[in-house]
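Just so you know, these numbers come straight off a predicted model, no measurement behind them.
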Amino acid sequence: MIAGSLGSGAVPRTRPAGWVLRGVVSAHVAAIIGQPVFAGVYLTGDFDGLRWHALGADVVTSVGYLQLIVAIVAWVRLRRAWPFLATLTVVAAETVQYFAGLEGALWLHVPLGVMTVAALVVQFVEVWRRPLSARPRTRGEARDA
């Protein structure tokens with residue numbers, strides 16, 4: 001949204017729910033970036049890398065579910081559904097990837113991991129690219145809701 005298109009001339013600002021979403025998405029990206037590093041350490045022969053990769057998977061998955069909760073709050077508070085839909089997609093992929101890794105299905109685990117990291121980086125860029133302000137109410141929306 002362009003600042004001049006607002007009726008009052010006010011510049012849109014990121015609301016508290018948007019800042020929390022940005023923080024959780026940032027933590028999620030930081031956690032997920034370590035996963036290919038730990039996998040690479042393991043593949044070079046350091047078997048402790050697998051333990052770190054497994055621990056990282058638990059952290060990434062936990063932060064992903066936290067992000068899902070925060071995205072629901074952002075949807076309600078900011079009236080923007082895209083963060084929830086994007087997070088739901090990423091978390092679903094992470095969940096499938098998690099269980100594929102436990103089962104040793106590397107044919108699914110590795111490419112899904114690459115896609116998940118890429119999707120989360122895109123989401124990170126998107127939440128930081130512009131203000132996460134509340135979407136203006138339409139005429140049909142109640143003021144008390």
Side-chain angles (χ1 to χ4, degrees), residues 1-8 10-43 46 48-138 140-145:
M1 184 183 295
I2 299 172
S5 68
L6 295 175
S8 66
V11 176
R13 289 183 159 170
T14 297
R15 303 284 299 268
W19 282 107
V20 173
L21 180 65
R22 284 176 171 176
V24 174
V25 170
S26 298
H28 199 175
V29 165
I32 206 169
I33 293 298
Q35 287 302 93
V37 174
F38 299 142
V41 168
Y42 169 67
L43 291 174
D46 185 346
D48 281 339
L50 185 58
R51 183 173 50 84
W52 283 102
H53 187 68
L55 178 63
D58 292 338
V59 170
V60 167
T61 303
S62 298
V63 175
Y65 287 120
L66 175 63
Q67 182 178 323
L68 191 61
I69 293 166
V70 171
I72 291 169
V73 171
W75 186 4
V76 171
R77 302 290 295 159
L78 303 176
R79 296 180 302 280
R80 297 192 182 272
W82 75 262
F84 169 73
L85 297 173
T87 298
L88 182 62
T89 303
V90 167
V91 168
E94 283 177 347
T95 302
V96 170
Q97 183 199 11
Y98 184 93
F99 287 108
L102 288 176
E103 293 297 318
L106 297 181
W107 63 270
L108 177 60
H109 182 73
V110 172
L112 192 54
V114 171
M115 288 185 282
T116 304
V117 170
L120 193 54
V121 167
V122 168
Q123 189 175 12
F124 171 82
V125 168
E126 201 53 35
V127 299
W128 282 98
R129 194 166 68 94
R130 60 178 163 246
L132 290 170
S133 57
R135 188 177 53 82
R137 293 184 189 275
T138 62
E141 292 178 318
R143 293 279 176 202
D144 298 332

Handout entry: Criterion side chain to side chain contact (heavy atoms under 4.5 Å, CB included) on Trp52 and Val37, from CA distance to verdict
Key = CA-CA 10 Å; Trp52 283 102; Val37 174; over 6 Å; no
Exercise for the section: Would you check, one step at a time, whether the test side chain to side chain contact (heavy atoms under 4.5 Å, CB included) holds for Val90 with Gln123? Expected result: CA-CA 9 Å; Val90 167; Gln123 189 175 12; 4.0 Å; yes
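The distance from the CZ atom of Arg15 to the CG atom of Leu21 is 14.0 Å, given to the nearest 0.5 Å. The CG atom of Leu85 sits 6.0 Å away from the CH2 atom of Trp75 when rounded to the nearest 0.5 Å. Going from atom CD1 of Ile72 over to atom CG of Leu88 covers 8.5 Å, rounded to the nearest 0.5 Å.
When the salt bridge (Lys or Arg N to Asp or Glu O under 4.0 Å) test is applied to Arg13, no partner is found at least two apart in sequence or on another chain.
The heavy-atom pair separating Leu108 from Pro111 by the smallest distance is O-CD, 3.5 Å. Shortest non-hydrogen contact noted between Ala17 and Ala74 is CB-CA, 4.3 Å.
Looking at Glu94 and Thr61, their side chains never bring a donor and an acceptor atom within 3.5 Å of each other. Checked by atom type, the side-chain pair Tyr42/Asp48 shows no donor-acceptor distance below 3.5 Å.
Counting heavy atoms from C-beta on, the side chains of Gln35 and Val117 never come closer than 4.5 Å. Counting only heavy atoms from C-beta outward, the side chains of Ser26 and Phe124 approach each other to under 4.5 Å. Residues Leu68 and Phe84 have side chains in contact (heavy-atom distance under 4.5 Å, counting atoms from C-beta outward). Side-chain contact between Tyr98 and Val60: absent, with no pair of heavy atoms (C-beta onward) separated by less than 4.5 Å. Between Leu112 and Val96 there is a side-chain heavy-atom pair separated by less than 4.5 Å. Contact annotation: the side chain of Gln67 never approaches that of Val91 to less than 4.5 Å [non-hydrogen atoms, C-beta and beyond].
Judged purely by atom type and a 3.5 angstrom limit, Thr14 uses its side chain to pair as donor or acceptor with the backbone of Leu132. Judged by distance alone, with hydrogens and angles left aside, the side-chain atoms of His28 form no donor-acceptor pair with the main-chain N or O of Val63 at under 3.5 Å. Of the possible donor and acceptor atoms, one in the side chain of Arg22 sits under 3.5 Å from a partner among the backbone N and O of Val127. Under a 3.5 Å cut-off, the side chain of His109 and the backbone N or O of Ala100 do not form any donor-acceptor pair.
Checked against Thr116 for a side-chain contact (heavy atoms from CB on, under 4.5 Å), the options Val121, Ile32, Thr89 give a single hit: Ile32.
Both the sub-6.0 Å distance and the 45° axial angle are not jointly satisfied by Arg80 relative to the ring of Trp82.
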